[in-house]
**Q** 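Encoded as structure tokens, here's the structure I'll be asking about.
Atoms within a ligand are numbered from 1 in the order they appear, just like the ligands themselves. By convention here, the first residue in the shown sequence is residue 1.
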Amino acid sequence: MRMVAVLAVAALLTASSCGSGDDDKPPPSTVEVFTWWAEGGEKAGLDALVTRFNADCPGQRFENGAVAGGAGVNAKQALTQRMARHDPPDTFQAHAGAEMTDYIDAGQVEDLTAYYDSWGLREALPAGLIDDLTVHGKIYSIPANIHRANVIWTNPTVLSRAGITAPPNDLPSFIANLSALKAAGIEAPLALGRDWTQLMLLEAVLITDLGPDGFAGLFTGETDWSGSPVTKAINDFTVLLSYGNLDRDTLDWPQAERLLIDGQAGYQLMGDWEAADLTAKGFPGYGWFTFPGNGKTFQWLADSFTLSTGASNISGTECWLKTVSSASGQQAFNAAKGSIPARTDIPSTGFSPYQRSAMADWKSTTPVPSCAHGSACSQPWQTAVNAALNAFSTTHDPKTLQSALAQAATQFIRE
Ligand code: GAL
């Protein structure tokens, strides 16, 4: 089956192009696109891509297979179930990096290397990203964007009521600001959400306390999860949690974001999909800064799209992937999604001030991957870490958390 699909892809590359369907023999016309982009800025990004797809791929119809839930918490489970019953969508969203290897190892995605050559993607995409996507010489997905994870979003009105007018320079000043907000009557100044969002906060603190190399080494085996810098980071993380809302474990990221919008919190750590979402929700006056102490570190992740093994509409999916990879597709998608294009040949005009700053930072900062969003960790590893954080959120036992994190690394670090 897999070989048949590979041959079909190769044939398509030479014989067909988007929208040039044979009138006598129409190809299957629906492309099911599976994501977790169901509302707000995420849906706006998807809609913009669909508009391009409709223009680029006449005769093909987008079918929305989205399953709601931040970071794909529900979508990934639904996808696993569909894979198990051999009912995959034509294409699905997956993070570039370690997370892709889960699908590759299971034979659930097709080799797309030939597309990279025929669509000129080796020149259009950064070499480092192509390296991160290459597994045993082959590439299995097409990146749509680069998101940044280590960003704090602010409600400037709330901050100014506590006399805070500038971003903090380091973690102690950030904690001092959180205290000032509390003193000014903001009960939970740091908006928090469920497990994976707490993992993002812990990762940001780890970057501050270990530096970019020490942090990146946590996922390659070069940095010891049992060491004292990680102990310090867990302590700092615990202090930060004490400034957050107590119902954190029940909130997805948009619900935590709502606390910021409504002025119940002054700060939220979240990936830069929040920029587009705040705008989509009528709150364009947000502020932002890189997590205190992260210096010139850009914690990156990339949404990419696959061709499922056993996809029912290969030519339509090819056209979807071509749109995702194209300059016009990436311009339209990213302008609405809050991310920046993965392609390096797209001008910054038409992007928000935040996005223009992210584009400049992406060129001048040190990249580190994200565990919560798959560039650093496989899915079983993410699941183990999220479970450890869930437990910690109730037990507040830092030793147990650190040993669970160390154990997960031992179990899941790849050769
Ligand atoms: C990430 C994904 C982003 C955004 C976010 C929140 O995993 O890469 O595009 O959707 O989840 O749902």
**Q** May I ask you to check whether Q93 has an N/O atom sitting below 3.5 Å from an N/O atom of ligand 1?
**A** no
**Q** Heavy-atom contacts with G70 under 4.0 Å: which atoms of ligand 1 show up? List them by number with element.
**A** 12 (O)
**Q** As an exercise, identify every atom of ligand 1 less than 4.0 angstrom from a heavy atom of H373.
**A** 1 (C), 7 (O), 11 (O)
**Q** Could E39 and K281 be called an ion pair, given the rule that one side-chain N must be under 4.0 Å from one carboxylate O?
**A** yes
**Q** List ligand 1 atoms under 4.0 Å from K337, heavy atoms only on the residue side.
**A** 3 (C), 4 (C), 9 (O), 10 (O)
**Q** Check if G271 has a non-hydrogen atom at a distance under 4.0 Å from any atom of ligand 1.
**A** no
**Q** Using the six-membered ring wherever Trp is involved, compare the ring planes of W273 and W253 and label them parallel, tilted or perpendicular (cut-offs 30° and 60°).
**A** perpendicular
**Q** One pair to check against salt bridge (charged side-chain N to carboxylate O under 4.0 Å, His left out): K322 and D56. What are the steps and the verdict?
**A** CA-CA 9 Å; K322 193 169 185 184; D56 291 349; over 6 Å; no
**Q** Check this for me, if you would: do R82 and E32 make a salt bridge, where the nitrogen-to-carboxylate-oxygen distance has to be below 4.0 angstrom?
**A** yes
**Q** For W253, counting its heavy atoms only, list the atoms of ligand 1 lying under 4.0 Å from any of them.
**A** 6 (C), 12 (O)
**Q** Starting from atom 6 (C) of ligand 1, what is the nearest protein heavy atom, named by residue and atom, and what distance separates them?
**A** E42 OE2, 3.1 Å
**Q** If the threshold is 4.0 Å, N to carboxylate O, is there a salt bridge linking K232 and D209?
**A** yes
**Q** Less than 4.0 angstrom from a charged side-chain N to a carboxylate O is my criterion; do K399 and D397 meet it?
**A** no
**Q** One residue to check: N145. Relative to ligand 1, which of side chain, backbone, both or neither has a non-hydrogen atom less than 4.0 Å away?
**A** neither
**Q** Can a salt bridge be assigned to the pair D252 and R194 using a cut-off of 4.0 Å between side-chain N and carboxylate O?
**A** no
**Q** If hydrogens are left out, which of W37, W273, W196 has an atom nearest to atom 5 (C) of ligand 1, that is, the closest non-hydrogen atom?
**A** W273
**Q** If the cut-off is 4.0 Å to any non-hydrogen atom of H95, which atoms of ligand 1 fall inside it?
**A** 1 (C), 2 (C), 7 (O), 8 (O)
**Q** Can you measure from CG (D102) to NZ (K76) and round to the nearest 0.5 angstrom?
**A** 9.0 Å
**Q** Just which atoms of ligand 1 are under 4.0 Å from any heavy atom in D303?
**A** 2 (C), 3 (C), 8 (O), 9 (O)
**Q** Which of the numbered atoms in ligand 1 are below 4.0 angstrom from a heavy atom of L301?
**A** 8 (O)
